[in-house]
Amino acid sequence: MVQELPSVFLVGPMGAGKTTIGKLLAKQLGRTFVDSDWYIESQTGADIAWIFAKEGEAGFRERETRAIDELTQASQIVLATGGGAVLATENREFLRQRGIVVYLNAPVDVQMARTSKDKSRPLLQQPNPRKILQDLYSIRDPLYRQVAHIIMPTGHTYPRHMVSQLMQQLNAFFDCTDTTPKDNKE
């Protein structure tokens, strides 16, 4: 099943565990793990906060779309996208058409617990980060759901157990005899 499985793309809000789950899933599948934010940083030689400060969110999103286009064309990878990657219609199309998209759905409380001390997240450097997370969730959740083939709730179990559950979902989702993925949204 592993060789026939297309690339797996993880979407979801910041703090959902995309990088943690992505690394573990890639190891389980024997694939390369790529984080789109890290990829952008390696291509530009600057961190995301600097790009936001110098180019604004619009400049960062342009870079992100180029990266998502390039990365989604790679085969046999596990890709963790940035939380806002789904904002661009192009990105949603690239993700949905080129692999299996897994939405890691983290409630705002989980996001707060996981991001509260992280100073590298430009969108949260505001007086009320909870409100920012709630607002982002209300805007982005429908987009995550639109692009997702599989929806996995996060924040309720250990990462290794979650990867085990995700492997079961992927096995159920992808039939080796049929190359057409089927939606498996919970």
Side-chain angles (χ1 to χ4, degrees), residues 2 5-40 48 64 68 71-72 77-88 91-92 94-96 98-124 126 128-174 181-186:
V2 173
L5 186 71
S7 290
V8 177
F9 308 137
L10 304 177
V11 299
M14 59 182 96
K18 297 181 300 287
T19 299
T20 300
I21 298 302
K23 287 179 179 178
L24 291 170
L25 180 63
K27 185 176 181 181
Q28 178 84 24
L29 293 171
R31 294 190 172 179
T32 301
F33 171 75
V34 182
D35 179 296
S36 65
D37 285 348
W38 296 351
Y39 180 81
I40 292 165
I48 301 301
E64 183 176 55
I68 296 294
L71 293 169
T72 56
I77 67 165
V78 174
L79 172 66
T81 64
V86 296
L87 294 172
N91 293 349
R92 292 193 307 273
F94 296 150
L95 292 163
R96 181 86 180 164
R98 297 177 180 170
I100 297 176
V101 182
V102 178
Y103 170 22
L104 300 182
N105 185 3
V108 172
D109 287 340
V110 170
Q111 294 175 55
M112 273 301 295
R114 293 179 178 173
T115 62
S116 63
K117 296 188 181 3
D118 188 346
K119 300 299 178 201
S120 69
R121 299 182 185 268
L123 293 177
L124 295 184
Q126 308 291 329
N128 189 349
R130 177 177 289 280
K131 179 168 180 0
I132 299 290
L133 290 173
Q134 288 171 326
D135 291 347
L136 290 173
Y137 187 82
S138 68
I139 292 165
R140 296 175 179 178
D141 177 66
L143 299 174
Y144 296 136
R145 290 178 184 280
Q146 176 190 7
V147 75
H149 295 100
I150 297 171
I151 299 173
M152 295 279 304
T154 66
H156 65 283
T157 189
Y158 294 107
R160 290 193 190 286
H161 185 253
M162 195 170 159
V163 169
S164 176
Q165 291 175 331
L166 181 51
M167 286 297 296
Q168 291 173 3
Q169 289 283 331
L170 289 169
N171 282 320
F173 173 81
F174 191 77
K182 297 171 268 313
D183 283 343
N184 194 8
K185 297 181 182 183
E186 290 186 344

Taking [X] for the side chain and [Y] for the main chain, is one N or O donor matched with an acceptor at less than 3.5 Å?
| X | Y | value |
| --- | --- | --- |
| Arg31 | Val78 | no |
| Arg92 | Val147 | no |
| Asp35 | Thr19 | no |

### Message
Could you go through Met167 and Leu29, starting from their C-alpha distance and side-chain angles, then the distance that decides it, and tell me whether this counts as side chain to side chain contact (heavy atoms under 4.5 Å, CB included)?
### Response
CA-CA 9 Å; Met167 286 297 296; Leu29 293 171; 3.7 Å; yes
- Message: Pair Gln165, Thr157 - check side chain to side chain contact (heavy atoms under 4.5 Å, CB included), show working.
- Response: CA-CA 10 Å; Gln165 291 175 331; Thr157 189; 4.1 Å; yes
| query | Can you check whether Gln169 reaches Asn171 side chain to side chain, under 4.5 Å on heavy atoms? | reply | no
Table please: side-chain donor-acceptor pairs of residues 8-15 below 3.5 Å, with sequence neighbours left out.
none

Say you draw a straight line from [atom1] of [X] to [atom2] of [Y]; how long is it, rounded to the nearest 0.5 Å?
| X | Y | atom1 | atom2 | result |
| --- | --- | --- | --- | --- |
| Ser36 | Ile48 | OG | CD1 | 8.0 Å |
| Glu64 | Thr81 | CD | OG1 | 7.5 Å |
| Met162 | Ile21 | CE | CD1 | 4.5 Å |
| Gln28 | Leu170 | CD | CG | 10.0 Å |
| Leu71 | Phe94 | CG | CZ | 11.5 Å |
| Leu25 | Lys27 | CG | NZ | 12.5 Å |

Practice problem: Go through the steps to decide whether Tyr144 and Ile151 satisfy the test side chain to side chain contact (heavy atoms under 4.5 Å, CB included), and finish with yes or no. | Solution: CA-CA 9 Å; Tyr144 296 136; Ile151 299 173; over 6 Å; no
Closest non-hydrogen atoms of Ala85 and Ile68, given as atom of the first, atom of the second and distance, are CB-CD1, 4.3 Å
Heavy-atom closest pair (Ser7 atom, Ile77 atom, distance to 0.1 Å) is OG-N, 3.1 Å
In residues 98-109, what donor-acceptor pairs under 3.5 Å come from side-chain atoms, sequence neighbours left out?
from	atom 1	to	atom 2	distance (Å)
Arg98	NH1	Asp69	O	3.0
Arg98	NH1	Asp69	OD1	2.7
Arg98	NH1	Thr72	OG1	2.9
Arg98	NH2	Asp69	OD1	3.2
Tyr103	OH	Asn105	OD1	3.1
Tyr103	OH	Asp141	OD1	2.5
Asn105	OD1	Tyr137	OH	2.7
Asp109	OD1	Arg130	NH1	2.8
Asp109	OD1	Arg130	NH2	3.3

Taken in chain and number order and not counting sequence neighbours, the residues that satisfy salt bridge (charged side-chain N to carboxylate O under 4.0 Å, His left out) with Lys131 are Asp135
